[in-house]
Amino acid sequence: MERHESKAETNPFEAMVSRFNVAAEKLNLDEGLYQILLTADREISVAIPVQMDNGKLKVFKGYRVQHSLARGPAKGGIRYAADVTLEEIRALAAWMTWKCAVVNIPFGGAKGGIICDPSTLSMGELEKITRRYTASLIDVLGPERDVPAPDINTDEKVMAWIMDTYSMHVRHTVTAVVTGKPLDLGGSVGRREATGRGCKIVCDRAISRIGMRRETTRVIIQGFGNVGSMAARILYEAGYQIIGISDVHGGILNTLGINITKLFAYVQEAKTVVGFLGAEPIAGKELLEYPCDILLPAATENQITSQNADRIKARIICEGANGPTTAQADEILYDKKIFIIPDILANAGGVTVSYFEWVQDRQGYFWNLKTVNERLEEIMVNSFDTVAGYADRHGVNMRIAAYMLAIDRVAYTIRERGIYA
Ligand code: GLU
């Protein structure tokens with residue numbers, strides 16, 4: 001059978017394919033299904049001309065990749081970053097398909113990105129970029145087609161612009177076209193914290209498997225954006241000891257535990273964890289390798305690679321980010337018996353509550369926080385246990401088990417639906 005061969009270690013699509021290949025082999029996946037599942041349904045590239053505040057025109061480039069719509073509307077975030085590539089968005093879209101299948105919600109996978117550096121853009125410029133991007137994608141978006149959400153450097157405000165632009169085009173308000181919206185525009189309670197809360201739920205499962213208690217579990221978090229900061233707060237409130245945190249500017253360490261409430265107050269002003277008086281400074285790279293029980297990468301791809309994996313001293317890695325570990329690093333970590341909660345399981349809390357938001361918007365009936373959190377807990381616990389059970393039964397690690405489960409579910413749907421000709 002003709003297989004894609006894995007090339008560069010840090011190419012995210014290759015990283016996805018190398019895990020996919022192992023899982024497909026174990027599942028004895030049919031060749032035709034293999035090709036279907038590795039080919040994105042649709043890849044769109046758009047030019048986004050914008051008149052900047054200084055009056056000059058500038059053209060940005062945007063992408064939306066819909067990897068699969070077999071199990072339902074495509075679902076996935078949109079990121080704004082200077083280093084966005086189509087190849088990266090393609091990988092992230094496929095990961096969304098697997099993620100939605102792992103937690104068994106009725107969505108396919110998609111991802112979007114715009115090449116830009118938001119720190120250099122005014123609010124007005126960001127709004128124009130967002131609205132023009134949305135208008136260019138108007139035919140492929142929609143509650144039944146493709147439902148964006150926040151990702152790196154996009155937030156509730158950006159989702160509000162997308163919702164409004166889409167609604168203006170179709171001539172009525174369509175809240176369910178995006179998730180992660182502001183609460184008073186049809187957002188869901190608990191969505192902002194959902195990815196971090198999901199991480200905490202799977203960490204609880206992982207530590208209880210090895211007989212550890214929260215109070216003596218030392219956690220290091222890489223990243224203090226939405227996922228990292230919410231995970232820090234929720235883990236801290238649950239009794240975990242957060243001993244280290246880093247962001248793009250640097251890291252902080254306190255082996256006795258960082259007071260996260262005070263850190264939040266500090267970051268509110270300083271806009272970075274660096275300089276926080278309740279901890280020592282440490283370089284971000286060094287912090288990754290510092291001994292701890294749980295390492296929670298919550299930043300971006302390719303943070304744990306063949307270059308540093310043998311120096312990682314965590315017992316558990318909980319992947320809050322998408323693709324933080326390369327396939328080569330996986331092998332090293334596995335040999336070191338580090339227990340990995342893979343991204344497509346660990347960070348699925350976000351899209352799970354996005355699903356709740358979409359359901360609530362379509363019903364026009366909103367749930368309270370207790371209901372959202374209880375349903376999130378139920379889905380995350382079941383998904384963790386299903387993946388762990390699958391791993392035990394098939395003698396594979398958690399990552400391969402999660403891929404096998406996801407591929408099996410998507411392949412089943414495609415087989416049942418049949419191929420339209
Ligand atoms: N961007 C988030 C992720 O990577 C959330 C996606 C969503 O809610 O659709 O999972």
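Numbering of ligands and ligand atoms starts at 1, following listing order.
Remark: the backbone N or O of Thr352 is not paired with any side-chain donor or acceptor of Glu357 at under 3.5 angstrom.
A search for salt bridge (Lys or Arg N to Asp or Glu O under 4.0 Å) contacts involving Arg409 returns nothing, not counting sequence neighbours. For the ring-ring contact (aromatic ring centres under 6.0 Å, His included) test, residues two or more places apart in sequence or in another chain that qualify with Trp358 are Phe107. The ring-ring contact (aromatic ring centres under 6.0 Å, His included) check on Tyr290 picks up nothing, with sequence neighbours excluded.
In summary, the side chains of Ser18 and Asn21 do not present any donor paired with an acceptor at a separation below 3.5 Å, with no hydrogens or angles considered.
Applying ring-ring contact (aromatic ring centres under 6.0 Å, His included) to Phe20 and the options Phe13, Tyr34, Trp95 leaves one that passes, Tyr34.
Near ligand 1, residues Lys75, Gly76, Gly77, Met96, Lys99, Lys111, Ala149, Pro150, Asp151, Arg191, Asn322, Gly350, Val351, Ser354 each place a heavy atom inside the 4.0 Å sphere around the ligand atoms.
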